[in-house]
Amino acid sequence: MTKPIIQFENVSKRFGKVSAVDNVSLTINEGEFFSLLGPSGCGKTTLLRMLAGFEMPTEGRVMIDGKDMSTTAPNLRPVNMVFQSYAVFPHMTVLDNVAYGLKMDGVPGDERRRRAEEALELVKLGGFGPRKPDQMSGGQRQRVALARALVKKPRVLLLDEPLSALDAKLRDQMRTELTTLQEKVGITFIMVTHDQDEALAMATRCAVMNRGLLQQVASPSDLYEFPNSRFVADFIGSVNMFEGTLDVDEPDHAIINTKDVGPIYLDHGVTGATGTTVWAAVRPEKIEMHKRTDKPPKVEDAPEGYNVIAGVVKHLVYLGSETIFEVEINGGSLVKVVRPNLTRWDQEDFTWDEKVWLSFHACSPAVLLS
Amino acid sequence: MEQSWRQAKGLFFTLLSAPLFWLVIFFVAPLSIVWLYSFGENQGLVDVAFTGTWSNYGKIFKGLRWLDFSDALYVNLFLKSFWFAGLTTFICLVLGFPVALAITFAPERWKPWLLLMVMLPFWTNLLVRTYALIAVLRTKGFVNMGLESVHNGINSVSGGALGAFDPLPLLNNNFAVVFGLVFVNLPFMILPLYSALDRLDRSLLEASLDLGAGHVRTMFNVVVPMAGAGIASGILITFIPALGSYLTPDMLGGPESQMIANVIESQFKRANNWPFGAALSFILVYLTFIAIALQGVFQARSQARSQGGRA
């Protein structure tokens, strides 16, 4: 059912002594909206440029549609790219820009014109054909770049930071438009981005990269809820990280002894030797906040006294839909808590310097071994 | 600092006075005198009378008939100068474009050195370079000596199959003039081309490749139109000095390869006909103005075309 369309086989790319991509193996399937995600300089753009043919791998193979295309010239590959700067030819009209690729393929004039106009229609730029790129806004020029790439009906469409140059409102709009467009044309999209929100919102699957290494390949929700390393947990969303040693590791529960928040009780076993250093990562919205009464609250899926922390509210950021609290706990470190404002009075529940209890479920922490 | 000159007139005119003085004394005044000469007549050996005559200009176009330049001696001279300068410019463009392209795409740390190599001849005195060219091109020059040794080598192996060596006529002819002009003017072509190509957005080239064009088609569909302004200014600043060249045709050319500047010189000196020399000079100046105007029009059009990419 899922047919691989792109395969990176042990691909490395070195620029001089710098390793931009380090032994990456990755399979992308037909019809996916795949996202390469990572901080700048992590190698995601190099990976994309190797797909487009602008860079050749130093080692390994790049397979497109089952064929080794590691050294194939860009103009002979069944992929097209939307550039970060759009790269719309300023000396041609919009229509000529879109028809350029067809012209290079030797498509006759009438058909070229018809297909180019269809592609412009597809990106909602019908009737803009005779204009010059300098008469169009940044968002419109990006649509021209999109139409220009899609008109060739590529096997894979490559998008290099497609939303980074747009203003916030346009970005949200383009996000939905790109996903609907992808469903409509059914072409595999591969998008490079440094913006985790963008990746989570648009992609069906993401690869997180750091320093040339592939960290994790998973669906957006798996990346968020089941990160495999501190880097991924930290890069995707925000997180509270508690370092500790694995004290108890049974099939049905485990206990991590942390310096900051005492013992953390988990409702599942951990694949790790007891005594090793591990990290418990808890997302801010998975921490509950209670008024400080004499008796600490009891977490329903953990024994009495576990997963409960005493603290004092230090900072408070009201964001309308939710409020972010930073709570100082024993030892002085800050724990981030996000609380949705379910009623119009919720924001008044807690205030600065208020003493609180924090608690989280035994199933909430993600245990990270590295 | 942002104030208009109107708000600081004193400062403005103080700063302006020095270059203005320079321009008036060394440019406007002598040019005006020459311009007046061009409407004058020789009176005796040394005196020139400003009679307001057009006869000097008339002499230039004497013998000119519609579509027939054969009898118009001076028009022919201008045409030959145009031909030499045009051919020089064309050869410089053909040679300079690949060089500029190569420097543009060379690794960043090599670029200053490659540019230095382009400019280096430029920093040597023209006379020295021209004498060096004579040493290369003359009958007993380096080229002919090299060819002769190859020739003799083949002869000694094959037992004299090629016969006696006949040196190539490389000096004192039209070839030598164009060769010399290309040699002198090539940096003027390469530098503006390089600066235009270096500013070109690389992603445009990648986009063209990505959309299925090979390197050659990318060159003609994207690089050349985008570098149009640079090409135009390269052509202009090669063509104008080449058109007015004096030293190169004088030293490398033969009797048949005189350019307009050589004739102007001989009018002022040997022929002692300043008014006619002045008229010839001014025709050259007017032609230069026309070339600059044409380039200005071209540049304005190409700028209007390519503005979108940078906005």
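The structure displayed is predicted, hence computed values, not measured ones. Note on naming: letters A, B, ... go to the chains in the order of the sequence lines (proteins, then strands), and numbering restarts at 1 for each one.
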Problem set entry | Spacing of A/Met104 atom CE and B/Asn221 atom CG [to the nearest 0.5 Å] | 4.5 Å
Exercise. What pair of heavy atoms forms the shortest contact from B/Met226 to A/Pro90, and how long is it?
Worked result: CE-CG, 3.4 Å
Exercise. Taking everything shown except B/Phe179 itself, do over 12 heavy atoms lie less than 6.0 Å from its CZ?
Worked result: no
Exercise. Is there a side-chain contact (heavy atoms from CB on, under 4.5 Å) between A/Phe89 and B/Leu211 once you walk through the steps?
Worked result: CA-CA 12 Å; A/Phe89 303 126; B/Leu211 291 165; 4.2 Å; yes
For this session: Please say whether more than 12 non-hydrogen atoms of neighbouring residues, nucleotides or ligands are located less than 6.0 Å from OH in B/Tyr286.
Result: yes
Problem set entry | A/Arg211 atom CZ, neighbour heavy-atom count above 12 within 6.0 Å | no
Problem set entry | Reported CD-to-OG distance for the pair B/Glu206 and A/Ser85, which is rounded to 0.5 angstrom | 9.0 Å
Exercise. Side chains of A/Tyr86 and B/Asp201: closer than 4.5 Å at any heavy-atom pair?
Worked result: no
Exercise. What do you reckon, is CE of A/Met56 surrounded by more than 12 foreign heavy atoms closer than 6.0 Å?
Worked result: yes
Seminar exercise, completed: All heavy atoms of B/Leu204 vs all of A/Val88, minimum pair found to be CD2-O, 3.5 Å
Exercise. By a 4.5 Å heavy-atom criterion (distance strictly below it), what part of A/Phe83 contacts chain B: side chain, backbone, both, or neither?
Worked result: side chain
Exercise. So which bits of residues 75-91 of chain B come within less than 4.5 Å of chain A, counting non-hydrogen atoms only?
Worked result: none
Seminar exercise, completed: Scored by heavy-atom pairs under 4.5 Å with chain B, the best of A/Lys103, A/Arg148, A/Arg77 is A/Arg148
For this session: Write down the atom of B/Asp210, the atom of A/Val79, and the distance for their closest heavy-atom approach.
Result: OD1-O, 3.7 Å
For this session: Would you indicate whether A/Arg205, at its atom CZ, is surrounded by more than 12 heavy atoms from other residues, nucleotides or ligands within a distance under 6.0 Å?
Result: yes
Problem set entry | Closest approach of B/Gly214 to A/Asn75 (non-hydrogen atoms, all atoms of both residues) | CA-ND2, 3.4 Å
Problem set entry | Over 12 foreign heavy atoms within 6.0 Å of CG, A/Asp110 | no
